[in-house]
Peer 1: 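Quick one: this structure, given as structure tokens, is what I'll be asking you about.
Note on naming: letters A, B, ... go to the chains in the order of the sequence lines (proteins, then strands), and numbering restarts at 1 for each one.
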Amino acid sequence: MPVKIYNTLTRKKEILKPIEPGHIKLYVCGITSYDYCHIGHARSALAFDMIVRYLRYTGNKVTYVRNFTDIDDKIIARAAEQNSSTEELANRFIDEFYVDMDRLGVDRPTMEPKATEHIQEMIDLIAELIDKDMAYPASGDVYYSVNSFKGYGKLSGRNLEDMQAGARITVNENKTNPMDFVLWKASKPGEPSWESPWGPGRPGWHIECSAMSRKYLGSTFDIHGGGQDLIFPHHENELAQSEGANDKPFVNMWIHHGFVTIRDEKMSKSLGNFLTIRDILDHYHPEVLRFFIFSTHYRNPLDFSEAAMQDAMAGLDRLYNCIAAIDALKAEGLDDAVPLAGDKDRKKIEGLEQRFQKAMDNDFNTAQAQGSLFEAVKVMNKILRQLPENAATADLDLLRSGAATVRKLAAIMGILEEDAASYLAGKKAAMLAKTDISEAEILELIQKRNQARKDKDWALSDQIRDTLLEKEIELKDGPDGTAWSVKRG
RNA sequence: GGCGGCGUAGCCAAGCGGCUAAGGCACUGGUCUGCAAAACCAUGAUUCAGCGGUUCAAAUCCGCUCGCCGCCUCCA
């Protein structure tokens, strides 16, 4: 089945047809490394991680390039503040980025070029644009002439007149047209700089991606991705540079994901309402964050809140509980027993993969795909609940293959990747650590209470239970004794 | 001001012209229990911001109104 993707350029969902059949080339704008990453960066990394995993799952080879912007104004400013070199600062936050990505279980892209290692490619590209009269040097800077590119504005759906009308652009006398943007920036004294035909300086932000994508993926490639805030000016300018220089379509499809918001406002450094990835990971299992992020379609805004994370945690637990129960099933079944699962149940479980694919093929609809997982889990839970001591082999097989499929598909979103029993145990231990009672004390009180229950001393029994409850410990009396858990929330 | 998006049950969230409008969380009822809790099961929108229109048929297409958000400056 074909994968359909919403293409920002055409504003339509289109069937993905790789230029080279079976091999998809993807470029994503990575971070500017001058600070810790926030949840918005996590959403970006996770969205494309999921997209790449799904495209590979459908049998494609994917070459995934994600760059690092390791030289720009912010890095220079921050390095100056911290009395460090730009290189030191950028590399430090690249390392911190990897710490976060590893904790989130994000797969590494095929290639991760750094801007500072591709200055020559950028200079070459700028020279080509100057040769074609699409760019001009001025006082050590080089500018791209937007009037020289007919398609300028086609990605963001704007035209030059409108943009100039609502202009909030600082006046720059070097520019011929106020909308022209910088390709090469002359360096001020003390700033890091590279030699160029136009004097010492550094590249503009947009040219980096044009140069690096061309080097690793060619003049035309399949998909270019990033956050919605990059559509203009960054991607618009990249497109103008690349198509201007190469005279070929730059990319076939543009994928842009939505923002993470807090109280419905965009999370951003300037608003100061951001939470770093490690803030979140200190309080939540990485899979909870993944589950939360994939509970909304990637193009829609995603509002972060504690309540939403609690919901996500509860949902993830539900999936893990089902898997754990199936893992714990006794090995042997009765071959001649009548199976509990009816045709409808069987179809629901066996049709899971198809429904999941249908959701994902439709512009990576992870929210719907999660729904298909829950539908299968619901049926499996129903069977599990009714399962007799000596279950039919057919039922056991159905449950086990169902659980295996759930895990396989969930892995595309990077969830249910832990052993279910250890996830649940780990979670319990983590929660216990936050209470002021030890497991030994709990077990002792449980023993006391069970003696009281044996004596039918319900008052004492209830009192012990209430005492534990005050310490956030809940009890569960079952046929095999009394189990305990830490209260949620 | 220009461009774009969103508004679906208490909350979150799918649905993109036609089966009973997915799913999760919460609530309520049930199974279980000495009573509970947990877990599991069941239940909820005659209706998709409002008003018009197109169509045999609309949450889905078109127009208008109201509300919210984003981009137009570095930004995932």
Side-chain angles (χ1 to χ4, degrees), chain A residues 8 11 13 28-32 34 37-48 69 72-74 77 153 156-159 161-170 179 205 225-234 236 256-261 264-271 274 291-292 295-297 299-303 305 307-308 310-319 321-322 325 355 359 362-363 365-375 377-378 381-382 384-386 453 456-458 461-462 465-466 468-469 473-479 482-485 487-488:
Chain A
T8 309
R11 275 156 261 260
K13 277 186 202 169
V28 174
C29 293
I31 58 160
T32 299
Y34 70 100
C37 289
H38 58 63
I39 315 176
H41 298 111
R43 188 181 196 189
S44 177
L46 255 15
F48 290 105
T69 293
D72 94 323
D73 291 349
K74 277 192 176 154
S156 55
R158 305 153 198 247
N159 58 59
E161 296 85 79
D162 288 345
M163 284 188 263
Q164 283 161 40
R168 274 156 62 184
I169 305 154
T170 46
M179 294 307 297
W205 178 35
Q228 277 169 359
D229 50 356
L230 298 186
I231 296 173
F232 191 89
H234 187 234
E236 190 72 62
H256 291 101
H257 66 260
F259 302 123
V260 178
T261 60
D264 292 324
E265 278 195 332
K266 183 183 171 185
M267 186 183 288
S268 74
K269 300 231 162 124
S270 44
L271 285 170
F274 65 94
F291 184 96
F292 164 67
S295 66
T296 295
H297 184 89
R299 278 191 284 114
N300 292 145
L302 175 65
D303 200 49
S305 68
Q310 292 293 337
D311 280 5
M313 198 197 300
L316 185 63
D317 285 356
R318 181 177 168 84
L319 297 179
N321 275 317
C322 176
R355 275 179 289 125
N362 184 17
D363 198 24
N365 194 333
T366 53
Q368 193 173 49
Q370 280 185 349
S372 71
L373 258 26
F374 280 107
E375 282 177 1
V377 162
K378 176 178 278 199
N381 276 333
K382 192 180 84 184
L384 273 169
R385 184 181 54 114
Q386 299 168 335
R453 293 175 70 213
K456 298 204 186 290
D457 184 352
W458 306 126
S461 158
D462 289 354
R465 186 170 66 200
D466 290 344
L468 280 168
L469 196 58
I473 303 301
E474 287 178 326
L475 297 185
K476 170 190 171 187
D477 298 323
T482 300
W484 60 273
S485 61
K487 205 175 157 193
R488 207 188 351 251

Peer 1: Counting just side-chain N and O atoms, does A:Lys456 come under 4.0 Å of either OP1 or OP2 of B:C35?
Peer 2: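 No, A:Lys456 has no side-chain N/O under 4.0 Å of OP1/OP2 on B:C35.
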
Peer 1: Within this structure, what is the NE2-to-P distance between A:His257 and B:G70, rounded to whole angstrom?
Peer 2: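 For the pair A:His257 NE2 and B:G70 P, the rounded distance is 15 Å.
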
Peer 1: Please determine whether any donor N or O and acceptor N or O are separated by less than 3.5 Å between the side chain of A:Asp264 and the base of B:G70.
Peer 2: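 No such pair is found, so the answer is no.
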
Peer 1: Do A:Phe259 and A:Gln228 make a side-chain contact, defined as non-hydrogen atoms from C-beta onward lying under 4.5 Å apart?
Peer 2: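 SC-SC contact between A:Phe259 and A:Gln228 confirmed.
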
Peer 1: From the set B:G15, B:C35, B:C74, return the single nucleotide nearest to any side-chain atom of A:Asn362.
Peer 2: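 Among the listed nucleotides, the one closest to the side chain of A:Asn362 is B:G15.
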
Peer 1: Mind checking who B:A58 pairs with, Watson-Crick or G-U wobble, both distances under 3.5 Å?
Peer 2: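 The answer is none; no pair meets the criterion.
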
Peer 1: In terms of relative ring orientation, are A:Phe374 and A:Phe291 parallel, tilted or perpendicular, with 30° and 60° separating the classes?
Peer 2: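 A:Phe374 vs A:Phe291 ring planes: perpendicular.
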
Peer 1: Using whole Å, what does the distance between atom P of nucleotide B:A37 and atom CH2 of A:Trp484 come to?
Peer 2: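 Result: 20 Å.
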
Peer 1: Which comes earlier along RNA chain B counting from the 5' end, the contact point of A:Asn381 or that of A:Cys29, where each point is its nearest nucleotide?
Peer 2: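 Result: A:Asn381.
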
Peer 1: Any cation-pi pair here, A:Lys74 with A:Tyr34, using under 6.0 Å and within 45°?
Peer 2: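 No.
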
Peer 1: Are the side chains of A:Ser485 and A:Lys476 in contact, using a 4.5 Å heavy-atom criterion?
Peer 2: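 In short, these two side chains do not touch, never coming nearer than 4.5 Å.
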
Peer 1: Give the rounded distance in Å between these two atoms: CZ of A:Phe259 and P of B:G5.
Peer 2: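 That distance rounds to 14 Å.
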
Peer 1: Give me the distance, rounded to whole Å, that separates B:U47 from B:C68 when you measure between the P atoms they each carry.
Peer 2: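 Approximately 26 Å lies between the P atom of B:U47 and that of B:C68.
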
Peer 1: State the pairing partner of B:A38; accept Watson-Crick or G-U wobble contacts with both distances under 3.5 Å, and report none otherwise.
Peer 2: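 Paired with B:A38, as far as the under-3.5 Å criterion goes, is no nucleotide at all.
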
Peer 1: Looking only at the side chain of A:Glu375 (C-beta and beyond, no hydrogens), which of the listed nucleotides B:A22, B:A76, B:A37 gets closest?
Peer 2: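 When the side chain of A:Glu375 is considered, B:A22 is the closest of B:A22, B:A76, B:A37.
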
Peer 1: Would you state whether a donor and an acceptor, one from the side chain of A:Lys74 and one from the base of B:C74, lie under 3.5 Å apart?
Peer 2: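 Indeed, a donor on one side and an acceptor on the other fall under 3.5 Å apart.
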
Peer 1: Suppose you measure atom P in B:A22 against the same atom in B:C3; what distance do you get, rounded to whole Å?
Peer 2: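 Approximately 38 Å lies between the P atom of B:A22 and that of B:C3.
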
Peer 1: If you pin A:Asp303 and A:Gly157 to their nearest nucleotides in RNA chain B, which one's is more 5'?
Peer 2: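 Counting from the 5' end, the first nearest nucleotide belongs to A:Gly157.
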
Peer 1: Using a 4.0 Å heavy-atom cut-off across all strands, classify A:Ile231 as base, sugar-phosphate, or nothing.
Peer 2: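 A:Ile231: no heavy atom of the nucleic acid under 4.0 Å.
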
Peer 1: Checking all strands, does A:Asp462 fall into the base, sugar-phosphate, or nothing category for heavy-atom contacts under 4.0 angstrom?
Peer 2: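 A:Asp462: base contact, heavy atoms under 4.0 Å.
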
Peer 1: A:Pro233 side chain: which of B:G24, B:U73, B:C41 is closest?
Peer 2: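 Minimum distance to the A:Pro233 side chain belongs to B:U73.
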
Peer 1: Measure distances between side-chain N and O atoms of A:Ser461 and base N and O atoms of B:G34, and say whether any donor-acceptor pair falls under 3.5 Å.
Peer 2: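 Yes, a donor-acceptor pair under 3.5 Å.
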
Peer 1: Report the distance from atom CZ of A:Arg318 to atom P of B:A38, rounded to the nearest whole Å.
Peer 2: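 Checked: the CZ to P distance equals 14 Å.
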
Peer 1: So, taking the atom named CG in A:Leu373 and the one named NZ in A:Lys378, what distance separates them when rounded to the nearest 0.5 Å?
Peer 2: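 Answer rounded to 0.5 Å: 14.0 Å.
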
Peer 1: Once you apply the 3.5 Å cut-off to both distances, tell me the Watson-Crick or G-U wobble partner of B:A22, or none.
Peer 2: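 With both distances under 3.5 Å required, B:A22 matches none.
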
Peer 1: Considering only the C1' atoms, how many Å lie between B:A45 and B:A14, rounded to the nearest integer?
Peer 2: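 B:A45 and B:A14 have their C1' atoms separated by 14 Å.
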
Peer 1: Tell me which nucleotide, if any, is Watson-Crick or G-U wobble paired with B:A14 when both distances must be under 3.5 Å.
Peer 2: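 The base-pairing partner of B:A14, which may sit in any strand shown, does not exist here.
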
Peer 1: What distance, rounded to whole Å, do you find between the two P atoms, one in B:U65 and one in B:G1?
Peer 2: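 Going atom to atom, P in each nucleotide, I get 12 Å.
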
Peer 1: Measuring from the side chain of A:Arg385 (C-beta onward, heavy atoms only), which nucleotide among B:C72, B:A76, B:C41 has the closest atom?
Peer 2: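 Closest of the options to the side chain of A:Arg385: B:C41.
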
Peer 1: Hunt down the Watson-Crick or G-U wobble partner of B:C68, both distances under 3.5 Å, from any strand shown, or write none.
Peer 2: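 Partner of B:C68: B:G5.
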
Peer 1: Round to the nearest Å and state the distance from A:Asp311 atom CG to B:A13 atom P.
Peer 2: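 Value for this atom pair: 10 Å.
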
Peer 1: Sticking with atom P, work out how far B:A49 lies from B:G7, rounded to a whole angstrom.
Peer 2: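 Between the two P atoms, the distance is 7 Å.
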
Peer 1: Given the P atoms of B:G50 and B:G67, what is the spacing between them in whole Å?
Peer 2: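 Taking atom P in both B:G50 and B:G67, they lie 15 Å apart.
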
Peer 1: Looking for any heavy atom pair under 4.0 Å, which part of the strands does A:Ala308 touch: base, sugar-phosphate only, or nothing?
Peer 2: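 No contact.
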
Peer 1: What is the distance, to the nearest angstrom, from the NE2 atom on A:His256 to the C1' atom on B:C69?
Peer 2: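 After rounding, the gap between these two atoms is 18 Å.
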
Peer 1: May A:Trp458 be described as stacking on the base of B:G34, applying a 5.5 Å centroid limit and a 30° limit on plane angle?
Peer 2: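 So A:Trp458 counts as stacking on the base.
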
Peer 1: Is there a side-chain contact between A:Lys266 and A:Asp229, using heavy atoms and a 4.5 Å cut-off?
Peer 2: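 Side-chain contact under 4.5 Å: yes.
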
Peer 1: Does a side-chain N or O from A:Asn300 land closer than 4.0 Å to OP1 or OP2 of B:A14, or not?
Peer 2: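 Yes, because at least one side-chain N or O of A:Asn300 sits under 4.0 Å from OP1 or OP2 of B:A14.
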
Peer 1: If B:G63 has a Watson-Crick or G-U wobble mate with both distances under 3.5 Å, name it; if not, just say none.
Peer 2: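 Partner of B:G63: B:C51.
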
Peer 1: Taking the same atom, C1', in B:U8 and in B:U54, what whole-Å distance lies between them?
Peer 2: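 The same atom, C1', in both gives a distance of 23 Å.
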
Peer 1: Could you let me know what B:A45 is paired to, Watson-Crick or G-U wobble, both distances under 3.5 Å, or none if it's on its own?
Peer 2: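 B:A45 is unpaired by these criteria.
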
Peer 1: Please work out if A:Lys266 contacts a base, only the sugar-phosphate, or nothing of the nucleic acid, heavy-atom cut-off 4.0 Å.
Peer 2: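 Base contact.
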
Peer 1: Reckon A:His234 touches a base, only the sugar-phosphate, or nothing at all at heavy-atom distances under 4.0 Å?
Peer 2: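 Touches nothing.
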
Peer 1: Under 4.0 Å, counting only non-hydrogen atoms across every strand here, what does A:Arg43 touch: a base, just sugar-phosphate, or nothing?
Peer 2: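 Result for A:Arg43 = nothing.
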
Peer 1: Could you check which nucleotide pairs with B:U73 in any of the strands shown, counting Watson-Crick or G-U wobble with both distances under 3.5 Å?
Peer 2: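 For B:U73, the partner nucleotide comes out as none, under the 3.5 Å rule.
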
Peer 1: Taking the P atom in each of B:U60 and B:C48, what is the distance between them to the nearest angstrom?
Peer 2: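 Pairwise P distance, B:U60 against B:C48, rounds to 9 Å.
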
Peer 1: Counting side-chain heavy atoms from C-beta on, which of B:A14, B:G34, B:A76 comes nearest to A:Thr296?
Peer 2: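 Per side-chain heavy atoms of A:Thr296, the pick is B:A14.
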
Peer 1: Given side chains that start at C-beta, do those of A:His297 and A:Asp363 come closer than 4.5 Å, heavy atoms only?
Peer 2: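 Of all side-chain heavy-atom pairs linking A:Asp363 with A:His297, at least one is under 4.5 Å.
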
Peer 1: Reckon A:Gly227 touches a base, only the sugar-phosphate, or nothing at all at heavy-atom distances under 4.0 Å?
Peer 2: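 It contacts sugar-phosphate atoms only.
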
Peer 1: What distance separates A:Thr482 OG1 from A:Arg465 CZ, expressed to the nearest 0.5 Å?
Peer 2: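 The OG1 atom of A:Thr482 sits 10.0 Å away from the CZ atom of A:Arg465.
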
Peer 1: Once you apply a heavy-atom cut-off of 4.0 Å, does A:Lys378 come out as touching a base, just sugar-phosphate, or nothing?
Peer 2: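 Sugar-phosphate, backbone atoms only, no base.
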
Peer 1: Does any N or O donor sit under 3.5 Å from an N or O acceptor when you compare the side chain of A:Arg465 with the base of B:C35?
Peer 2: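 It does, because a donor-acceptor pair links the side chain of A:Arg465 to the base of B:C35 below 3.5 Å.
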
Peer 1: Return the value, rounded to whole Å, for the distance between atom CD of A:Gln228 and atom P of B:C72.
Peer 2: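 Taking CD of A:Gln228 and P of B:C72, I get 12 Å after rounding.
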
Peer 1: If I take atom NZ in residue A:Lys476 and atom P in nucleotide B:A38, what distance separates them, rounded to the nearest angstrom?
Peer 2: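 In whole Å, B:A38 P lies 11 Å from A:Lys476 NZ.
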
Peer 1: Enter the distance from A:Thr296:OG1 to A:Leu302:CG here, rounded to the nearest 0.5 Å.
Peer 2: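 Answer rounded to 0.5 Å: 5.0 Å.
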
